[in-house]
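As the structure is a computational prediction, the values presented were derived from the model and not from experiment.
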Amino acid sequence: MAESTLSEKDTYICIVLGASGDLAKKKIYPTLWQLARHNMCPKNTLFVGYARSDLTVPKLREKVEPFLKVAESEKDALESFFKRCFYVKGSYTESQAFSNLDAELRSIGAKHGTSGGKINRLFYLALPPSVFAPVTTHIRATCFTDQGWNRVIVEKPFGKDSDSSAQLSKHLAGLFKEDEIYRIDHYLGKEMVQNLLVLRFANTILGPIWNRNYISAVIISFKEPFGTQGRGGYFDEFGIIRDVMQNHLLQILCLIAMEKPCTSNSEDLRDEKVKVLKSMDRLTLENTVLGQYVGNPKGEGDAKNGYLDDPTVPKGSNTPTFATALTYIKTERWDGVPFILRCGKALNERKAEIRIQFRDVPGDIFAGRARRNELVIRVQPNEAVYMKMMLKKPGMSFAPEESELDLTYRARYKVG
């Protein structure tokens, strides 16, 4: 949102549709809290959760609070944040439910907003794509305000294939102006994903070696240590490729592979990303490994259950929960460099990282003991950037040893 569109005289109501869901409690509400704690949204911003679940604000807080980062000195600020939160229960398909939501929004704006200013509405669709169409139809027909501007944020996945994506785009275009729609992938908000731009284009040292002459392979990984946890019905409709690979990992791939944009504004970034995607090989089954996790009889708790043991998963489903794919980008910079995308659920650890593997040192004089350099960007957990390098082992010998130039964010910036 352009800074010039925000006024302390106006009221801003952020409506989170799907407020009882996993995405809302783990990502959206923690982000709203971060914006509030750092004074990055106007003080007269109100947050309204909407979902089918029978919740109250205290119950919603119980679900959300374990995922909030709150310092001891911020307890009062957290109380203030939740005083600005509201909750409305309703259907995603019934017109009357959205009429009720509109009435609640008008009431909340009148009671808690600033007097004399505009009352703007921002609708965040933290919902499965299956309900995007009815929800957006009802929002446009019933919940758009005439007292200020309106915006609609559509979360990934944007459809489940090319046809459904095009159909959704056509549907939204028939309801909203283009500048009223924001299509987003929440993964782009992660600190280290955003840091890729600065790391690549604000450091002279990386520019000359960021190409096929020095880089041997790029590996982008996403691992979760838990399974579907009762969300199998949603997950089974999409699988790990649509849920993670074709959005989160492709966004990272584009940031790694794209050329320097003219500016850092969204349109220039988008243009360079599109060029990467147009130059990228189509994924084929020959270059893909798929899998589905099974239970471990010797495991504890959820570890004993396989994907098909989730009662919300259809019997006999062959939806993949793990995928590794190999692709190439046919550009002068990257031709011949393999890009390996890996993602999966119920694996051995929680980790998302990027590994830039460099080529072997030519003319080796250390009898094969010199290992290739590797730049590692850890997205989560414990964000870090480190370079694996060869150094002389301390002592009288002249033996090379692998070590790391380590920038761990928690240590450097004292962040949680």
Side-chain angles (χ1 to χ4, degrees), residues 190-193 195-225 245 248-249 252-258 276 280-281 287-289 322-344 347-412:
K190 286 194 170 292
E191 184 68 40
M192 297 310 294
V193 176
N195 201 13
L196 282 171
L197 276 179
V198 180
L199 190 67
R200 280 201 58 195
F201 302 121
N203 293 290
T204 304
I205 190 173
L206 291 179
I209 62 173
W210 207 263
N211 56 60
R212 63 192 296 272
N213 297 322
Y214 293 91
I215 293 176
S216 173
V218 177
I219 303 170
I220 306 170
S221 302
F222 176 99
K223 300 198 289 185
E224 289 182 330
M245 183 178 286
H248 296 343
L249 300 195
I252 292 175
L253 181 148
C254 288
L255 289 170
I256 293 170
M258 73 183 192
V276 172
M280 180 178 156
D281 276 353
N287 288 331
T288 306
V289 176
F322 172 87
T324 294
L326 169 68
T327 187
Y328 292 89
I329 299 170
K330 300 296 181 66
T331 63
E332 184 178 6
R333 181 185 293 273
W334 296 111
D335 195 19
V337 177
F339 281 74
I340 301 167
L341 309 178
R342 306 188 302 191
C343 51
L347 298 176
N348 62 325
E349 61 183 340
R350 175 178 178 259
K351 182 183 286 187
E353 67 179 14
I354 304 144
R355 289 182 176 265
I356 312 294
Q357 295 185 343
F358 292 88
R359 297 193 181 279
D360 292 325
V361 176
D364 178 30
I365 62 172
F366 297 105
R369 289 176 292 177
R371 299 179 182 178
R372 62 176 59 182
N373 300 135
E374 190 174 39
L375 176 64
V376 182
I377 302 159
R378 190 188 305 130
V379 178
Q380 66 181 29
N382 194 18
E383 297 95 333
V385 180
Y386 59 93
M387 173 72 85
K388 291 189 174 185
M389 301 182 67
M390 299 305 299
L391 300 173
K392 176 189 172 295
K393 187 175 181 179
M396 297 300 293
S397 72
F398 203 65
E401 181 179 69
E402 186 178 58
S403 187
E404 298 169 354
L405 293 177
D406 185 1
L407 169 59
T408 299
Y409 268 51
R410 182 178 296 173
R412 174 64 179 84

Can you list everything that forms a side-chain contact (heavy atoms from CB on, under 4.5 Å) with [X]? Sequence neighbours excluded, please.
X	answer
A257	V276, I329, W334, F339
E401	K393
R333	R200, W210, N211, E259, T331

Shortest non-hydrogen contact between [X] and [Y], atoms and distance:
X	Y	answer
I354	I356	CG2-CD1, 3.8 Å
F222	L249	CB-CD2, 3.9 Å
P208	T204	CD-O, 3.0 Å
Y328	G336	CE2-O, 3.6 Å
S216	V337	O-CG1, 4.0 Å
N382	R378	O-NH1, 2.7 Å

Practice item. Identify which one of L407, I256, I220, L199 satisfies the side-chain contact (heavy atoms from CB on, under 4.5 Å) criterion when paired with I377. Key: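 Filter result, single survivor: L199.
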Practice item. State whether the number of non-hydrogen atoms from other residues, nucleotides or ligands found under 6.0 Å of K330 atom NZ is greater than 12. Key: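 It does not: K330 NZ has 12 such atoms or fewer within range.
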Review point. Under the salt bridge (Lys or Arg N to Asp or Glu O under 4.0 Å) test, which residues partner D360, sequence neighbours left out?
Key: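 Testing D360 for salt bridge (Lys or Arg N to Asp or Glu O under 4.0 Å), a comparison that skips the adjacent residues, returns R372.
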Point to revise | Counterpart residues, salt bridge (Lys or Arg N to Asp or Glu O under 4.0 Å), relative to E402 (two or more places apart) | key: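 If we apply the salt bridge (Lys or Arg N to Asp or Glu O under 4.0 Å) test to E402, skipping adjacent residues, the hits are R371.
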Point to revise | SB check E374 R355 (cutoff 4.0 Å) | key: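 Yes, this pair counts.
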**Study point:** Pairs flagged by salt bridge (charged side-chain N to carboxylate O under 4.0 Å, His left out) wherever residues 213-224 is involved - sequence neighbours left out
**Key:**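 Every pair satisfying salt bridge (charged side-chain N to carboxylate O under 4.0 Å, His left out) with a residue in residues 213-224: K223-E349, E224-K345.
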Practice item. First locate atom CG of L326, then atom CG of D281, and finally report the distance between them rounded to the nearest 0.5 Å. Key: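 Result: 9.0 Å between the selected atoms.
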Exercise for review: Decide side chain to side chain donor-acceptor pair (under 3.5 Å) for K351 and Q380; before the verdict, give the C-alpha distance in whole Å, the side-chain angles of both, and the deciding distance to 0.1 Å.
Suggested key: CA-CA 5 Å; K351 182 183 286 187; Q380 66 181 29; over 6 Å; no
Practice item. Please answer whether the main-chain N or O of A325 pairs with a side-chain N or O of T288 as donor and acceptor at a distance below 3.5 Å. Key: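 Not at all, since once roles are kept as given, no pair shorter than 3.5 Å links the two residues.
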Check your understanding: Any side-chain heavy-atom pair from L341 and I252 closer than 4.5 angstrom?
Key ->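 In short, these two side chains do not touch, never coming nearer than 4.5 Å.
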Review point. After noting the C-alpha distance and the side-chain angles of S221 and R342, does the key distance pass the side chain to side chain donor-acceptor pair (under 3.5 Å) rule?
Key: CA-CA 5 Å; S221 302; R342 306 188 302 191; 3.0 Å; yes
